[in-house]
Amino acid sequence: MEKVVRRYWPLFVVPTLAAFIIGFIVPFGQGLYLSFCKFTTISNAEWVGWDNYIRVFTDDPNPLVDSLWFTVAFAVVSIILINLIGFLFALVLTRGLRGTNIFRTIFFMPNLIGGVVLGYIWQILINCVLSLVEQPLLALNSTAGYWGLIILMCWQQVGYMMIIYIAGLQGIPDSISEAAKIDGASSWQTLIKIKLPMIMPSITICVFLTLTNSFKLFDQNMALTNGEPMNSTTMLALNIYKTFYDRVGPSWKGLGQAKAVIFCILVVLVSFGQLRATRSKEVQQ
Amino acid sequence: MKKKTKVVDIVLILIMIVMAASFLYPIIMILFNSFKKEIAISTNTVFELPTKETFAGIENYINALDSKGFFDSFIYSLFITVSSVLAICISCSMCAWFITRVKSKITSILYYLFVFSMVVPFQMVMYTLSKTADQLELNTPWNIWIIYLGFGAGLAVFMFTGFMKSIPLEIEEAAMIDGCNPIQTFFRIVMPMLKPTLVSVAILEAMWVWNDYLLPTLVLDIKEYKTIPMLIQYFKGSFGRVEMGPMMACIMLTIIPIVIVYLAGQKHIIKGVAAGAVKG
């Protein structure tokens with residue numbers, strides 16, 4: 001069978017592969033190359049070696065390192081909050097309460113609304129709260145910007161993670177919970193000793209998703225604060241975007257591309273590192 | 001014992017109601033404000049309901065609809081989403097089948113490339129991708145799906161291969177012995193079995209493409225074509241003074257179709273997301 005199928009590769013593989021080459025392989029390769037160049041368009045690229053990478057850490061009005069710390073501070077808090085709230089919701093909604101389906105529907109809904117729209121909705125809301133308590137608005141208030149982003153991301157992602165946790169909790173065989181009950185385990189003990197270990201795969205997925213989402217966050221960041229005030233709420237992706245498109249002159253695009261390569265390596269390392277770390281805690285079912 | 005559980009349940013339901021209300025509130029707030037007159041909307045009156053004096057009827061909606069090309073944007077977004085999702089579902093499932101059924105160095109390299117592309121952030125390729133798209137003239141809503149197929153292939157191939165590993169080879173072999181060629185085998189035997197995963201992939205990719213802002217902004221010619229997220233951003237960004245009323249009306253107009261689709265297909269959507277995540 002394999003031999004017969006193999007002959008059909010032009011039909012089965014080529015369409016996806018061609019698009020993949022256009023949409024990913026070529027831009028990725030060019031991107032790597034351009035990070036070592038000075039350029040305004042691809043055709044006038046001029047090789048400058050490691051210059052751009054050195055400049056990332058020395059000569060830059062909006063240092064990547066600042067954005068990195070902001071992103072990490074954001075990621076840590078939002079990952080914990082989103083997963084905790086999502087898991088609690090999932091626990092409550094697997095008890096067979098009345099109205100479970102309605103609650104589930106409502107909690108999941110913000111996921112379907114795009115990041116840009118969400119950003120503006122929350123900008124309007126948060127600015128109103130700030131003006132009522134007589135605090136500076138988002139454009140001048142980096143603390144509010146930070147917490148605003150966290151609230152926004154919780155609002156958007158809690159429902160998604162909740163769905164995954166619900167699926168995980170429902171996948172625990174009844175016999176195990178029954179056995180625990182007969183052995184006299186309290187509901188707290190069942191939670192810690194039975195449920196948590198049994199849903200480790202769900203936790204892996206949810207932490208992975210929230211982690212990569214936080215690191216790659218762009219739309220919400222741009223729409224809610226756009227990095228204001230003074231770039232203090234600029235996350236990594238927005239920082240790179242601004243280096244590319246908000247500055248005029250031949251020296252910035254190369255710098256932006258070098259930042260993008262560093263960002264890419266960082267995201268790849270963090271995601272695979274996280275997968276390995278939590279995978280090792282999973283139990284065999 | 002039984003009575004105690006009941007009390008806990010009631011408290012939990014109450015907490016859930018409060019949480020659900022706070023989840024809905026931002027959207028309801030926009031809905032209220034989209035019916036206010038332009039003068040009545042300012043930063044600190046957002047929480048107030050429209051009154052007789054400030055009620056504007058559907059004026060904002062009319063403004064949003066006729067002045068800023070909302071219909072065009074809606075059609076572009078719809079076409080881009082549908083064409084991209086169709087292309088991804090058909091093309092990537094075929095590719096994934098080939099990768100799982102033909103074992104060779106090339107197919108396993110391909111598989112790892114696809115997985116790798118899932119993790120790479122868009123900023124890494126955004127500049128070069130927009131230039132490549134310009135060169136190949138893939139910069140209109142009618143053919144941007146090729147770009148989406150390329151950039152979205154990673155997740156789709158990954159999910160399809162994950163499922164295909166679990167379907168027994170014997171069924172396909174039997175079909176081939178009965179005289180099906182690989183094309184028939186794939187479309188008549190494999191595709192039907194793939195249905196749940198197809199739904200998951202279609203939902204995840206549709207959520208991504210419909211809401212995507214940066215890729216169409218960089219790839220499409222912004223003066224000619226705006227997708228819905230681009231339109232919202234344009235509303236916000238390009239005026240000295242933001243027209244809050246029409247903007248909120250516009251936000252509502254983009255949310256309403258999504259909510260309708262969601263309520264109509266929520267069982268599939270929620271199941272699809274859960275199933276997709278488990279395989280991921």
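Each chain gets a letter, A, B and so on, in the order the sequences are listed, and its residues count up from 1. Remember, it's a predicted structure, so these values are computed and weren't measured experimentally.
- Classified by interplanar angle (parallel below 30°, tilted 30° to 60°, perpendicular above 60°), the ring pair Phe24(A)/Phe116(B) is perpendicular.
- Counting heavy atoms from C-beta on, the side chains of Leu17(A) and Cys95(B) never come closer than 4.5 Å.
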**Report entry** Worked check of ring pair (Phe, Tyr, Trp, His ring centres under 6.0 Å) between Trp97(B) and Phe12(A)
**Finding:** CA-CA 8 Å; Trp97(B) 188 60; Phe12(A) 281 92; 5.3 Å; yes

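- Using cut-offs of 30° and 60° for the angle between ring planes, the Phe23(B) and Phe107(A) rings count as perpendicular.
- Rounding to the nearest 0.5 Å gives a distance of 6.0 Å between OH of Tyr241(A) and CG of Leu214(B).
- Within the model, atoms CD1 of Ile22(A) and CZ of Phe151(B) stand 14.5 Å from one another, a figure rounded to the nearest 0.5 Å.
- Nearest heavy-atom pair across Asn181(B) and Tyr8(A) is CB-OH, 3.7 Å.
- No part of Lys259(A) comes within reach of chain B, as not one of its non-hydrogen atoms sits under 4.5 angstrom from that chain.
- Contact of Phe186(B) with chain A is made through the side chain alone, with heavy-atom distances under 4.5 Å.
- The only member of Ile265(A), Ile240(A), Leu32(A) that meets side-chain contact (heavy atoms from CB on, under 4.5 Å) when paired with Met124(B) is Leu32(A).
- Using a 4.5 Å cut-off between heavy atoms, Ala223(A) makes no contact with chain B at all.
- Within the 4.5 angstrom heavy-atom criterion, only backbone atoms of Met118(B) (N, CA, C, O) approach chain A.
- In this structure, no portion of Ile228(B) lies under 4.5 Å from any heavy atom of chain A.
- Using a 4.5 Å cut-off between heavy atoms, Tyr25(B) touches chain A through its side chain atoms alone.
- Of the two parts of Ile30(B), only the side chain, counted from C-beta on, holds a non-hydrogen atom closer than 4.5 Å to a non-hydrogen atom of chain A.
- Most heavy-atom pairs under 4.5 Å with chain A: of the set Asp212(B), Ile183(B), Val261(B), Ile90(B), this distinction falls to Ile183(B).
- Heavy-atom distances place the side chain of Leu263(B), and not its backbone, under 4.5 Å from chain A.
- Contacts of Leu93(A) with chain B are made by side-chain atoms alone, with heavy-atom separations under 4.5 Å and no backbone atom involved.
- With rounding to the nearest 0.5 Å, the separation of OH in Tyr213(B) from CG in Asp219(A) is 8.0 Å.
- Among Gly96(A), Gly99(A), Gly29(A), Gly23(A), the residue with the largest count of heavy-atom pairs under 4.5 Å with chain B is Gly23(A).
- Of all the listed residues (Ser91(B), Ala87(B), Gly152(B), Ala96(B)), the one sharing the greatest number of non-hydrogen pairs under 4.5 Å with chain A is Ser91(B).
- The part of Ile255(B) that comes within reach of chain A is its side chain, from C-beta onward, which places non-hydrogen atoms under 4.5 angstrom from that chain.
- Two residues are said to be in side-chain contact when any heavy atoms from C-beta on lie closer than 4.5 Å; Met248(B) and Tyr120(A) fail this criterion.
- Only the side chain of Ile269(B) has a heavy atom closer than 4.5 Å to any heavy atom of chain A.
- Top candidate by heavy-atom pairs under 4.5 Å with chain B, chosen from Phe272(A), Trp122(A), Phe89(A), is Phe89(A).
- Neither the backbone nor the side chain of Tyr33(A) comes within contact range of chain B; no heavy atoms are under 4.5 Å apart.
- Heavy-atom distances place the side chain of Val158(A), and not its backbone, under 4.5 Å from chain B.
- In this structure, chain B has no heavy atom under 4.5 Å from any part of Gln156(A).
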Report task. Please assess Leu24(B) against Met109(A) for the test side chain to side chain contact (heavy atoms under 4.5 Å, CB included), listing each intermediate value before the final yes or no. Result -> CA-CA 9 Å; Leu24(B) 284 179; Met109(A) 199 166 59; 3.6 Å; yes

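- For Thr107(B), no part lies under 4.5 angstrom from a heavy atom of chain A.
- When heavy atoms are compared at a cutoff of 4.5 Å, Met19(B) approaches chain A by way of both its backbone and its side chain.
- Residues Ala153(B) and Phe20(A) come closest through the heavy atom pair CB-CD1, 4.3 Å.
- Residue Arg98(A) holds its CZ atom at 14.0 Å from CG of Leu12(B), rounded to the nearest 0.5 Å.
- Proximity to chain B involves both the backbone and the side chain of Val4(A), based on heavy atoms less than 4.5 angstrom apart.
- Looking at Ile88(B), neither its backbone nor its side chain comes within 4.5 Å of chain A, counting heavy atoms on both sides.
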Requested in this report: Apply side chain to side chain contact (heavy atoms under 4.5 Å, CB included) to the pair Val273(B) and Phe108(A), showing each step before the final yes or no.
Outcome: CA-CA 10 Å; Val273(B) 166; Phe108(A) 185 76; 3.8 Å; yes

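- At least one side-chain heavy atom of Leu218(B) sits less than 4.5 Å from a side-chain heavy atom of Tyr245(A).
- Rounded to the nearest 0.5 angstrom, Met94(B) CE and Leu11(A) CG are separated by 4.0 Å.
- Chain A forms more heavy-atom pairs under 4.5 Å with one residue of Ile147(B), Val120(B), Ile17(B), Leu169(B) than with any other, namely Val120(B).
- Chosen from Thr254(B), Ile27(B), Val259(B), the residue pairing most often with chain A at heavy-atom distances under 4.5 Å is Ile27(B).
- Heavy atoms of Arg7(A) lying under 4.5 Å from chain B are absent altogether.
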Report task. Please report the C-alpha distance between Arg6(A) and Ser104(B) in whole Å, then the side-chain angles of each, then the deciding distance to 0.1 Å, and finally whether the side chain to side chain contact (heavy atoms under 4.5 Å, CB included) criterion is met. Result -> CA-CA 10 Å; Arg6(A) 196 186 288 258; Ser104(B) 73; 4.1 Å; yes

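- The two atoms that bring Met207(B) and Asn111(A) nearest to each other are CE-O, 3.9 Å, heavy atoms only.
- Rounding to the nearest 0.5 Å gives a distance of 8.5 Å between CD1 of Ile113(A) and CG of Asn211(B).
- Side-chain atoms of Gln257(A) do not come within 3.5 Å of backbone N or O of Val125(B) as any donor-acceptor pair.
- With a 4.5 Å cut-off on non-hydrogen atoms, Pro110(A) touches chain B through its side chain but not through its backbone.
- For chain B, the nearby part of Ser271(A) is the side chain; its heavy atoms alone come within less than 4.5 Å.
- A 4.5 Å side-chain heavy-atom check between Thr185(B) and Val5(A) finds every atom pair outside the cut-off.
- Looking at Met16(B), the atoms closer than 4.5 Å to chain A (heavy atoms on both sides) sit in the backbone and in the side chain alike.
- If you measure heavy-atom distances from Lys267(B) to chain A, you find no contacts under 4.5 Å at all.
- Note on residues 109-132 of chain B: no pairs pass side-chain hydrogen bond (donor to acceptor under 3.5 Å, both in side chains), not counting sequence neighbours.
- Of the two parts of Phe28(A), the backbone and the side chain both hold a non-hydrogen atom closer than 4.5 Å to a non-hydrogen atom of chain B.
- Among all heavy-atom pairs drawn from Ala274(B) and Ala167(A), the shortest one is CB-CB, 3.9 Å.
- Side-chain contact between Leu110(B) and Val13(A): present, with at least one pair of heavy atoms (C-beta onward) separated by less than 4.5 Å.
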